[in-house]
Amino acid sequence: MNFLRAEWRKLAIANYEIDPGLLMKYLPEGTEIDFYKGKCYVSLVGFMFLNTKLLGFPIPFHRNFEEVNLRFYVKKKENERWKRGVVFIKEIVPKPALSLVANSVYKENYHTMPMKNSIMEKDEELLIKYSWKDKSWYSIQITAEKKAQAMKADSEFEFITEHYWGFTKTKSTTSEYEVCHPKWDCYFVKDHQLDIDFQKIYGNDFDCLNRQEPVSVMLAEGSEIQVKKKKHIV
């Protein structure tokens, strides 16, 4: 059954290489780190949630909003096949009711902060910016070519975007839920700007990212998505 239907659009993604040892305390039981060509990635992702419906019903004043999250990549073997998914360190949204539902139902680490976005087309360029405030304003901004392209097989973009499960760790259990969507087109990124203090937003474990440049920066078009109801697996 679909718990949630929506569109995820204009996903701005900044990828960082990180020591996998820093992520072990966040790793849900029954999963393992998923590497891309030997590298362990965390990603800062900003995007638009549009036309959101919960259990088939639109929620007044909560249909369209921004989200910014920090996530890493895992996999879980089931019936000799791998389920590839993500684990969220923290997800930021602008409305308290969104955090309440997500934290209560999915036990995710949602936080409410003031947010804003700017999505513009200028000549042959797209300008995308997502901002959020925790005492100070932080942001991820991308300038990209206007024409979208199909993703390339076995590419870094495919690895980052083709994880279709969410895994959540609680004190005593691991739960999973499926996210369904088609393959996403991508845009060629021409420039980017990041204004963020990872330590202040995400804690001391991620202070190292303040001294690194992203391995890559991406912009995905996104699509309609469906989030299935969660189930406990451990």
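Note that the numbering runs from 1 along the sequence shown for the chain.
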Sole candidate of L11, V215, I160 that passes side chain to side chain contact (heavy atoms under 4.5 Å, CB included) when paired with S43: I160
Check ion pair K146-E121 (N to O, under 4.0 angstrom): yes
Check ion pair E29-K169 (N to O, under 4.0 angstrom): no
Partner residues of H192 under the ring-ring contact (aromatic ring centres under 6.0 Å, His included) criterion, sequence neighbours left out: none
According to side chain to side chain contact (heavy atoms under 4.5 Å, CB included), who are the partners of [X], at least two apart in sequence or on a separate chain?
X	answer
L50	E7, R9, M48, N64
S216	N15, E156, M218
V189	I142, V217, L219
S155	K152, F157, E158

Is it true that [Y] and [X] share a donor-acceptor pair across their side chains at a distance under 3.5 Å?
X	Y	result
Y202	D207	no
Y177	T168	no
E67	N69	yes
D185	Q149	no
W8	S223	no

Minimum heavy-atom distance R84-F159, with the two atoms named: NH2-CD1, 2.9 Å
Where P28 and V87 come nearest, the two heavy atoms and their spacing: CD-CG2, 3.5 Å
Could you give the distance from [atom1] ([X]) to [atom2] ([Y]), rounded to the nearest 0.5 Å?
X	Y	atom1	atom2	value
R5	N51	CZ	CG	12.5 Å
Y110	I92	OH	CD1	11.0 Å
L70	L209	CG	CG	7.0 Å

Close aromatic pair by centroid cut-off 6.0 Å: F198 and Y16: yes
Evaluation steps, ring pair (Phe, Tyr, Trp, His ring centres under 6.0 Å), between F206 and Y26: CA-CA 12 Å; F206 300 97; Y26 303 98; 5.7 Å; yes
Intermediate values then yes/no, side chain to side chain donor-acceptor pair (under 3.5 Å), Y41 and E17: CA-CA 5 Å; Y41 280 4; E17 187 175 1; over 6 Å; no
Test side chain to side chain donor-acceptor pair (under 3.5 Å) applied to N210 and Q199, step by step: CA-CA 8 Å; N210 286 330; Q199 183 184 30; 5.1 Å; no
Quick one: does [X]'s side chain get under 4.5 Å of [Y]'s, heavy atoms only?
X	Y	result
M151	T161	yes
V179	Q226	no
T170	S175	no
V74	E32	no

Salt bridge (charged side-chain N to carboxylate O under 4.0 Å, His left out) between E176 and K231, intermediate numbers included: CA-CA 6 Å; E176 69 175 25; K231 66 176 182 179; 3.7 Å; yes
Parallel, tilted or perpendicular, as decided by the 30° and 60° cut-offs, for the rings of F47 and F49: tilted
Side-chain donor-acceptor distances from residues 122-141 under 3.5 Å, at least two apart:
from, atom 1, to, atom 2, distance (Å)
E125, OE2, K190, NZ, 2.7
Y130, OH, K10, O, 2.6
Q141, NE2, Q193, OE1, 3.2

